[in-house]
Amino acid sequence: MKFGILVNEGPYNHQAADTAYQFAKAALEKGHEIHRVFFYHDGVNNATKLTEPPQDDRHIVNRWSKMAEEHGVDLVVCVAAGLRRGIVDDNLAPGFRISGLGQLVETGIQADRTVTFGD
Amino acid sequence: MKFGILVNEGPYNHQAADTAYQFAKAALEKGHEIHRVFFYHDGVNNATKLTEPPQDDRHIVNRWSKMAEEHGVDLVVCVAAGLRRGIVDDNLAPGFRISGLGQLVETGIQADRTVTFGD
Amino acid sequence: MLHIVNKSPSERNTLDSCLRMAKKGSTILLIEDGVYGATKGGVAENKLKAAMADVKVYALWPDLEARGMQDSVIDGIEQVDYNGFVDLVVADKNVQSWL
Amino acid sequence: MLHIVNKSPSERNTLDSCLRMAKKGSTILLIEDGVYGATKGGVAENKLKAAMADVKVYALWPDLEARGMQDSVIDGIEQVDYNGFVDLVVADKNVQSWL
Amino acid sequence: MTESTGGIDMDEDSSGTVKKFAFVNRKAPYGTIYALESLEVVLISAAFDQDVSLVFADDGVYELKKGQATKAVGMKNFSPTYRALEGYDIEKLFVEKESMEARGLTVDDLVVPVEVLTSEEMATLLDEQDVVLSF
Amino acid sequence: MTESTGGIDMDEDSSGTVKKFAFVNRKAPYGTIYALESLEVVLISAAFDQDVSLVFADDGVYELKKGQATKAVGMKNFSPTYRALEGYDIEKLFVEKESMEARGLTVDDLVVPVEVLTSEEMATLLDEQDVVLSF
């Protein structure tokens with residue numbers, strides 16, 4: 001099955017970013033496809049390459065980047081939400097791309113299920 | 001009177017960043033002193049210079065920078081919370097500085113009142 | 001003590017907790033989505049009216065106006081702007097935000 | 001339909017709203033702070049038990065375990081892990097997160 | 001709503017598909033940005049010719065309250081945009097009766113005409129959707 | 001709690017002042033970071049020799065629940081840190097009785113010894129503080 005995932009909160013502050021990742025990981029391991037992960041609202045903060053969590057903690061940004069690299073998952077940051085919050089090409093982590101909100105609607109159309117994670 | 005202000009949420013997503021600014025502005029206009037504005041949790045996201053809100057909207061980051069410039073207000077971003085969220089020297093807006101959590105406790109001691117804005 | 005409540009009483013338990021742990025004689029300021037608690041017909045109307053025997057309640061009018069609730073404020077709740085907010089913080093010896 | 005609730009019933013109104021607008025025969029999955037709703041002695045115990053006549057309730061055990069609530073789950077609530085979460089999304093024709 | 005929303009991309013074979021989309025609004029305006037950014041998605045969705053419904057429940061009903069004036073808080077008043085939705089052919093706006101009444105509001109308090117549904121009718125509406133996005 | 005907290009700065013004349021600080025915890029752990037980052041401030045405050053109290057009310061009581069095991073969610077279990085507070089001379093931990101009971105919990109369910117206060121006693125405690133920081 002083809003999943004779309006919407007992430008509405010930033011890393012560390014809300015568990016939404018963690019749950020979305022664990023869900024996506026489980027879906028891939030079960031052989032499903034992730035059509036796209038779309039980052040909206042504070043969710044765009046998942047995409048900053050400047051993040052340096054404590055060494056004994058998970059690295060939420062790098063986890064997404066690795067998932068993009070290993071599974072070709074399309075990680076899309078909303079351009080408008082990103083501009084409001086200072087997520088732009090300059091600080092974008094590998095594997096993420098910036099695009100418009102149309103990409104979210106398009107995922108809703110293309111994916112068999114679109115699951116939202118937020119606050 | 002000397003105020004300390006704690007800001008716990010990022011710009012645009014929660015009104016806390018707006019209310020904190022309006023409170024600080026009113027306090028200064030009434031002749032009070034702001035000992036420090038401390039940015040914690042997602043509040044550190046108030047300090048990114050990469051923010052570009054829509055032209056017809058307020059620029060929350062620049063407002064803080066201007067307040068620091070015009071009134072010498074000390075804007076301190078928590079280093080640990082900032083590292084978790086990708087707010088570091090590279091993307092720090094003018095007027096902000098990065099320091100430790102001790103600066104928050106110290107403000108609590110020094111200020112006559114410490115007011116928290118958050119979610 | 002000044003208690004600041006910024007959450008809608010129909011979304012969260014914040015106002016309830018504040019009312020439960022506010023000492024008699026303290027002051028409550030409703031701001032942001034908390035101002036819905038100050039409105040007639042809202043879910044908190046009766047409990048706030050009852051509490052007003054023991055505490056003094058204010059609401060931030062810029063937030064009431066933003067939400068179009070300026071004409072629905074419960075009688076006896078005083079409205080302040082940001083200057084009044086600052087004055088309330090000065091007036092009490094300490095302040096707590098119910099986050 | 002699969003309804004996902006991620007908020008504590010003692011903090012927010014989310015579970016109440018979900019129960020009010022969930023069609024008979026639907027499935028509810030409690031995740032994150034929402035798992036407190038699945039616990040004995042919690043504020044939602046009675047209303048959830050009542051709702052279980054009409055809806056099937058699941059809870060994510062990684063979240064129960066993180067919070068130390070794994071031994072307090074209400075009888076009849078089934079526990080799933082992230083794989084089970086994926087299966088639940090697949091099983092129903094649509095899904096809604098009650099944010 | 002003047003901001004850039006990026007290129008609208010209708011690639012793959014999405015142009016022919018029509019799905020039922022519901023945007024569920026349960027948060028008050030201004031306290032958080034969800035109401036505003038939800039509206040931005042709704043406006044974009046109009047370009048995709050989908051079957052779009054907007055649902056207002058819980059504090060989301062407050063988004064539609066008449067008389068919003070944001071000058072003093074220094075924020076942008078986005079409530080007029082709800083009136084512009086009709087021009088985008090987005091005409092299905094549903095308000096949950098129980099939520100509206102619990103807040104002491106009636107349809108006369110709202111900036112746009114809406115259809116009022118009971119919780120039970122709302123349950124049926126939501127159950128019929130293909131995609132439900134919550135804000 | 002191994003992370004960098006930056007230099008502790010006791011400049012100006014703060015070294016002689018002792019204020020009553022209360023850290024009020026009202027949120028559940030893991031769903032949001034507030035509980036963890038609150039604890040980080042508490043640890044730092046120990047260096048300033050202030051009169052520190054920790055208050056747990058509403059879902060904040062859940063922060064102290066025994067048996068937390070975070071391997072499956074992939075997060076760090078910070079509940080053992082509450083047991084380390086005593087080593088920092090932070091010994092005043094207060095739990096609101098009404099909040100604890102509403103959640104079906106007793107002091108035996110908690111990782112550390114606490115003093116249980118009624119809402120009314122908590123009101124008095126809070127009222128006596130100089131600085132109240134809420135998380």
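Order of the sequence lines fixes the chain letters, A, B, ..., with proteins taken first and strands second; residue numbering starts at 1 for each chain.
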Salt-bridge criterion met for F/Lys66 and F/Asp108 (N-O under 4.0 Å): no
Carboxylate-amine/guanidinium proximity below 4.0 Å for F/Asp59 and F/Lys65: no
Part of F/Ser134 lying under 4.5 Å from any heavy atom of chain B: backbone
F/Phe135 versus chain B, the contacting section by heavy-atom distance below 4.5 Å: side chain
Steps toward side chain to side chain donor-acceptor pair (under 3.5 Å) verdict (B/His35, B/Gln110): CA-CA 8 Å; B/His35 176 263; B/Gln110 293 294 325; 4.8 Å; no
Part of residues 111-119 of chain B lying next to chain F, heavy-atom separation under 4.5 Å: B/Ala111, B/Thr114, B/Thr116, B/Asp119
F/Asp58/F/Arg26 salt bridge by N-O under 4.0 Å criterion: yes
Minimum side-chain heavy-atom gap F/Leu43-F/Thr81 below 4.5 Å: yes
CZ-CG distance between F/Phe56 and F/Leu110, expressed to the nearest 0.5 angstrom: 9.0 Å
F/Asp51 with F/Lys20: basic N within carboxylate O range, under 4.0 Å: yes
